[in-house]
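Only a predicted model underlies this, so the values are computations on that prediction, with no experimental measurement involved. Chain letters run A, B, ... following the sequence lines, proteins first and then strands; every chain starts at 1.
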Protein chains: 2
Amino acid sequence: MPAASKLRIGRPKAAENRLNRALIVETSLALIDREGIESFSVRNVARALDVFPTAVYWHIGDRNTLLSDVVTLVLADLTPTRATARWQDWIRQLLVRYRNIIRQHPNVAPLIGVQLVSNGSLDFRLVESILECLSQAGFKGQDLIDAYNVVMGGMVGFTTQEFASVPADGTEGWKKTMRRAIAAVDAKAYPRVAAHLAAMSNKAFLLRWENGVSAPLDAGFAMFADALVAGIEALAKAKRGRAKRPPGRGS
Amino acid sequence: MPAASKLRIGRPKAAENRLNRALIVETSLALIDREGIESFSVRNVARALDVFPTAVYWHIGDRNTLLSDVVTLVLADLTPTRATARWQDWIRQLLVRYRNIIRQHPNVAPLIGVQLVSNGSLDFRLVESILECLSQAGFKGQDLIDAYNVVMGGMVGFTTQEFASVPADGTEGWKKTMRRAIAAVDAKAYPRVAAHLAAMSNKAFLLRWENGVSAPLDAGFAMFADALVAGIEALAKAKRGRAKRPPGRGS
DNA sequence: ACCTGAACACCGTTCAAGT
DNA sequence: ACCTGAACACCGTTCAAGT
């Protein structure tokens with residue numbers, strides 16, 4: 001029988017508060033926030049709720065579906081409310097909102113984008129809003145779809161990496177190894193890396209042993225958002241200029 | 001004893017061909033390519049090599065380190081050879097090369113970027129080349145580091161999502177559910193989604209049940225690369241114009 | 001409808017031996 | 001140095017019961 005666990009989070013057992021899907025999803029998120037996805041398991045969720053694993057299964061279907069629901073919960077308030085004068089601001093705001101959400105639930109980051117199941121969310125409001133925004137920018141037809149993918153890809157891409165998960169436990173040895181390997185860069189072979197070593201250590205992709213939780217890349221993200229918006233703007237302008245395709249290779 | 005497995009891949013056992021790290025890493029990659037990371041395990045690697053799991057452990061340290069080595073192997077030839085006249089072309093080429101590599105090993109995609117251990121690679125040549133390129137573009141100091149992060153974030157971000165892993169087995173029911181949910185969009189509430197439904201089904205993030213392997217986002221990726229490069233170019237130009245920061249928020 | 005209970009076929013990893 | 005062998009503490013998931 002499931003022992004009266006110290007991990008217990010939700011539900012006062014004896015009450016008439018029965019097990020249900022929402023409770024399971026909330027408990028899962030709480031566990032992931034606290035312990036990370038590496039050590040997340042359906043069995044731990046069951047322990048936290050003081051029921052048998054099979055009771056959880058009755059409600060969730062399977063592990064992937066549960067994780068998909070967690071993602072849906074986390075991203076529930078992603079879509080910005082309408083009404084910014086410039087479409088550029090709306091897109092930038094979307095990226096910022098996404099990052100702020102992930103900052104509150106960094107351990108969820110690895111779930112989004114890398115598994116197709118997380119599409120279970122299917123927030124049509126988000127899709128519609130992005131399309132609306134990009135139509136306003138002047139995109140239509142295939143270009144509109146492409147621009148949509150650019151926005152979504154940019155939104156998730158940078159932040160996912162910034163908050164990439166740190167190895168669970170044996171992390172100490174690995175951190176030391178990383179720090180040393182970085183510090184020991186050959187200044188003759190890689191002069192620019194050596195020159196910027198202090199500014200890049202733990203503040204640049206590949207040269208980190210901590211993630212965005214303890215070492216956020218604020219400035220890098222700001223430039224990423226600026227660049228993406230400026231880039232989309234430039235392409236939109238080029239397309240308006242002539243009714244054709246831009247200098248880049250097309251579909 | 002490890003049965004003479006049908007999964008057997010490498011090493012003719014009786015030969016003097018002993019177990020070693022490189023062989024283990026190659027075998028792991030072959031298994032991941034064939035079966036996906038979802039069903040990857042150290043024990044399967046051992047079976048494929050016809051040894052006990054503990055023999056593998058003697059060489060690799062632990063599972064995460066092994067996966068990090070797999071990533072290193074896959075990305076070995078990522079960095080483009082020097083010598084493109086325009087820095088813009090070099091950056092675009094880098095993104096294209098990254099995507100081509102992932103197309104050859106799509107199941108590895110989820111490993112890159114989402115786990116900090118994969119930084120074990122530490123290819124200074126890549127870092128140095130990007131810095132060189134962006135210096136040529138006119139970035140310096142903190143801006144140079146930020147621009148570096150923009151490039152790395154963009155390189156990995158889009159493609160990782162395009163090749164997000166599809167659920168392993170029970171995939172049939174999930175696919176049907178997705179297809180129906182998408183097809184059943186409310187045209188009054190989401191007119192633009194409804195209008196572009198055919199063009200977006202399986203060709204736009206969130207509205208997919210297949211990944212880049214069977215439904216590549218070629219045009220979307222092309223625009224993403226164009227937008228990112230154009231955006232970086234615009235920021236560089238703005239910075240050259242005045243010795244200050246661009247309109248976007250800085251730090 | 002909702003949960004218990006037992007069971008199956010797996011994991012990663014450690015530790016003690018063998019050669 | 002390199003591998004076998006056994007063991008530990010876990011997994012996700014299914015299936016048969018109970019209420």
What's the CD-C1' distance between B/Glu38 and D/dG12, to the nearest Å?
11 Å

Quick one: B/Arg18 CZ to C/dT19 C1', roughly how many Å, whole number?
12 Å

If pairing means Watson-Crick or G-U wobble with both distances under 3.5 Å, then the partner of C/dC2 is D/dG18

Positions of residues 54-61 of chain B (non-hydrogen atom under 4.0 Å from DNA chain D), listed by number
B/Thr54, B/Ala55, B/Trp58, B/His59

Roughly, in whole Å, what's the span from CD1 in A/Ile24 to P in D/dG12?
14 Å

Grab the two heavy atoms, one from B/Asp33 and one from B/Gln104, that are nearest each other, plus how far apart they are.
OD1-O, 4.4 Å

Closest heavy-atom contact between B/Pro80 and B/Gln93?
CB-NE2, 3.8 Å

Kindly say if A/Arg47 contacts the phosphate of D/dC11, meaning a side-chain N or O under 4.0 Å from OP1 or OP2.
yes

Does a sphere of radius 6.0 Å around CG in B/Asp77 hold more than 12 heavy atoms from other residues, nucleotides or ligands, not counting ones at 6.0 Å or beyond?
no

Rounded to whole Å, the CG-P distance (B/Leu23 to D/dC3) equals 10 Å

Is any side-chain N or O of A/Arg43 closer than 4.0 Å to OP1 or OP2 of D/dC10?
no

Between C/dC3 atom P and A/Asp50 atom CG, what is the distance in whole Å?
12 Å

Nearest 0.5 Å, what's the CG-CG distance between A/Asp218 and B/Asn149?
11.5 Å

Given that both distances must come in under 3.5 Å, which nucleotide forms a Watson-Crick or G-U wobble pair with D/dA7?
C/dT13

Modelled atom types, side-chain donor and acceptor of B/Asn100 and B/Arg97, under 3.5 Å:
no

Under the side-chain hydrogen bond (donor to acceptor under 3.5 Å, both in side chains) criterion, do B/Thr65 and B/Asp62 qualify, and how do the steps go?
CA-CA 6 Å; B/Thr65 308; B/Asp62 69 353; 2.6 Å; yes

A/Leu19 CG to C/dC2 C1', in whole Å, measures 9 Å

Rounded to the Å, how far apart are B/Asn20 CG and D/dA1 P?
17 Å

How close or far is atom P of C/dT4 from atom CG of A/Leu49, stated in whole angstroms?
11 Å

Proximity to the side chain of A/Arg63 - top-ranked nucleotide from C/dG5, D/dT13, C/dC11
D/dT13

Parallel under 30°, tilted from 30 to 60°, perpendicular over 60°: which one fits the rings of B/Phe158 and B/Phe205?
perpendicular

Hey, is the side chain of B/Asn44 poking within less than 4.0 Å of OP1 or OP2 on C/dC11, counting only N and O atoms?
yes

Selection from D/dT13, C/dG12, C/dC3 that lies nearest to any side-chain heavy atom of A/Pro53
D/dT13

